[in-house]
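Every chain is numbered from 1 and lettered A, B, ... according to where its sequence line falls, protein lines coming before strand lines.
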Amino acid sequence: MLSLDFYTRSVDDVVRALIGVTLTVDGVGGIIVETEAYDAADPASHSFAGRTARNAAMFGPVGHAYVYRIYGLHHCLNIVCGTPGSAVLIRAIEPRHGIDSMLERRGIARPLRELCAGPGRLCEALGIDMALDGASLDRPPFLLEDIGIMPDVVTGPRIGITKAADRPRRFGLRGSPWLSRPFLGSN
DNA sequence: GACCGGATGTACT
DNA sequence: GTACATCCGGTCG
């Protein structure tokens, strides 16, 4: 399990360090292959305008989850870390554990590679919803484990945002077939 | 109290 | 590539 120290590091460190870490919810999940960084100084971040009821978890203790509903349909999972208002959005994982449960929750016949490829998809597959907003990642149902791999990490611009699409704050496992979208170029 | 729009995903043309 | 589902916090009045 990851130590508390892990989450106290800056969001720019954690967003990269989470690639290759195993994330499970009640034993269902896999290896994180895609992340994005957000912080309070970032116009694209929910925390940019300050603390509100919705984003309270982003200003709470590090190592906890910030879960929100998007477009009235899907959920997205963030890991709070670094300075207040900072968090890492988990965008994709490589399915490893409880694939039957994930398929059942997703309930649609599609290529396996789309099972957890996207923030909304992985939340559906792992059963993550608002009930887990503010929950500690240090205890059940969550489990985060560093399985000791040294991943080859790629960076690029974030996805689906309209503001500040400039800085490379999206990170991924190079060449992974489980990404929500490929990384362009070869950085 | 009304209105806006989003860190998305799926189905269909 | 485009349409559309469907919610709620934030903002302005």
Side-chain angles (χ1 to χ4, degrees), chain A residues 7 10-12 14-16 18-19 23 25 29-30 32-60 62 64-95 102-135 137 153-173 176-184:
Chain A
Y7 305 107
S10 78
V11 64
D12 292 298
V14 176
V15 69
R16 174 182 287 269
L18 279 172
I19 302 296
L23 162 68
V25 178
I32 297 171
V33 296
E34 186 180 338
T35 57
E36 281 180 4
Y38 291 88
D39 63 58
D42 177 354
S45 173
H46 290 173
S47 57
F48 183 63
R51 179 178 183 148
T52 64
R54 175 176 66 149
N55 67 21
M58 285 188 90
F59 293 89
V62 299
H64 286 235
Y66 165 47
V67 180
Y68 66 93
R69 204 190 235 305
I70 183 76
Y71 297 114
L73 301 169
H74 313 293
H75 297 279
C76 293
L77 170 68
N78 295 256
I79 293 180
V80 179
C81 60
T83 56
S86 306
V88 173
L89 170 69
I90 309 301
R91 289 194 53 90
I93 68 175
E94 173 179 335
M102 297 195 231
L103 288 169
E104 191 175 336
R105 289 196 184 109
R106 295 269 291 139
I108 51 175
R110 296 183 68 85
L112 189 60
R113 45 175 299 280
E114 295 182 7
L115 187 59
C116 300
R121 288 169 173 170
L122 83 85
C123 281
E124 184 172 36
L126 273 58
I128 295 168
D129 60 21
M130 294 308 292
L132 290 175
D133 184 36
L137 296 161
V153 176
V154 215
T155 72
R158 292 175 295 186
I159 293 178
I161 58 174
T162 52
K163 307 160 194 144
D166 51 348
R167 285 193 298 292
R169 298 199 91 185
R170 175 180 178 232
F171 293 76
L173 180 61
S176 172
W178 306 102
L179 299 171
S180 67
R181 287 176 41 180
F183 283 80
L184 305 175

Enquirer: Counting only side-chain N and O atoms of A:Arg110, is one of them less than 4.0 Å from OP1 or OP2 of B:dG9?
Expert: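 For A:Arg110, the contact criterion (side-chain N or O under 4.0 Å from OP1 or OP2 of B:dG9) is not met.
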Enquirer: Is it the case that atom CZ in A:Arg105 sees more than 12 heavy atoms from other parts of the structure closer than 6.0 Å?
Expert: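 It does: A:Arg105 CZ has more than 12 such atoms within range.
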Enquirer: Can you tell which of B:dT8, C:dC7, B:dA7 lies closest to the side chain of A:Arg69?
Expert: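 Closest nucleotide among those given: C:dC7.
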Enquirer: Is there a side-chain contact between A:Arg54 and the phosphate of C:dC7, meaning an N or O under 4.0 Å from OP1 or OP2?
Expert: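 No, because none of the side-chain N or O atoms of A:Arg54 sits under 4.0 Å from OP1 or OP2 of C:dC7.
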Enquirer: Starting at atom OH of A:Tyr68, determine the distance to atom C1' of C:dT6, rounded to an integer number of angstrom.
Expert: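 That distance rounds to 16 Å.
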Enquirer: Using whole Å, what does the distance between atom P of nucleotide B:dG6 and atom OH of A:Tyr38 come to?
Expert: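 The distance from OH of A:Tyr38 to P of B:dG6 comes to 13 Å, rounded to the nearest Å.
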Enquirer: Take the protein atom CG of A:Leu73 and the nucleotide atom C1' of C:dA5, then report the distance between them rounded to whole Å.
Expert: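 After rounding, the gap between these two atoms is 5 Å.
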Enquirer: If we call it a pair only when both distances are under 3.5 Å in a Watson-Crick or G-U wobble match, what pairs with B:dC4?
Expert: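 Across all strands, the one nucleotide that pairs with B:dC4 is C:dG9.
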Enquirer: Atom CG of A:Leu89 and atom P of B:dG6: how far apart are they, to the nearest Å?
Expert: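 It works out to 16 Å between those atoms.
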Enquirer: Among the nucleotides B:dT10, B:dT8, C:dA5, which one has an atom lying closest to any side-chain atom of A:Cys76?
Expert: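 For A:Cys76, the side-chain atoms sit closest to B:dT8.
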Enquirer: Rounded to whole angstrom units, what separation is found between the CZ atom of A:Arg105 and the P atom of B:dG9?
Expert: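 Checked: the CZ to P distance equals 17 Å.
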Enquirer: Measure from the side chain of A:Tyr71, starting at C-beta and using heavy atoms only, and say which of B:dA7, B:dT8, B:dG9 lies closest.
Expert: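 For the A:Tyr71 side chain, the nearest candidate turns out to be B:dT8.
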Enquirer: With a 4.0 Å cut-off, would you call A:Asp12 and A:Arg169 a salt bridge?
Expert: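 Salt bridge: yes.
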Enquirer: Select base, sugar-phosphate, or nothing to describe what A:Arg106 touches, counting heavy atoms under 4.0 Å on all strands.
Expert: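 Result for A:Arg106 = sugar-phosphate.
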Enquirer: Side chain to side chain contact (heavy atoms under 4.5 Å, CB included) with A:Leu122: which of A:Cys116, A:Cys76, A:Ser180?
Expert: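 By the side chain to side chain contact (heavy atoms under 4.5 Å, CB included) criterion, A:Leu122 pairs with just one of A:Cys116, A:Cys76, A:Ser180: A:Cys116.
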Enquirer: Please determine whether side-chain contact (heavy atoms from CB on, under 4.5 Å) holds for the pair A:Glu36 and A:Phe171, giving the CA-CA distance in whole Å, both sets of side-chain angles, and the decisive distance to 0.1 Å.
Expert: CA-CA 6 Å; A:Glu36 281 180 4; A:Phe171 293 76; over 6 Å; no
Enquirer: Would A:Arg106 and A:Glu124 pass as an ion pair if we require N to O under 4.0 Å?
Expert: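 Yes, charged N to carboxylate O under 4.0 Å.
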Enquirer: Once you round it to whole Å, what is the distance between P of B:dG6 and NE2 of A:His74?
Expert: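 Rounded to the whole Å, the gap is 15 Å.
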Enquirer: To the nearest Å, how far apart are A:Phe48 CZ and B:dA7 P?
Expert: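 Rounding to the nearest Å, CZ of A:Phe48 and P of B:dA7 are 13 Å apart.
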Enquirer: A:Leu179 CG to B:dG9 C1': how many Å, rounded?
Expert: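 After rounding, the gap between these two atoms is 17 Å.
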Enquirer: The side chain of A:Arg121 lies closest to which of these nucleotides: B:dA7, B:dT10, C:dT11?
Expert: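 Given the options B:dA7, B:dT10, C:dT11, the side chain of A:Arg121 is closest to B:dT10.
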Enquirer: Within the structure shown, what part of the strands sits under 4.0 Å from A:Asn78 by heavy-atom distance: base, sugar-phosphate, or nothing?
Expert: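 Base contact.
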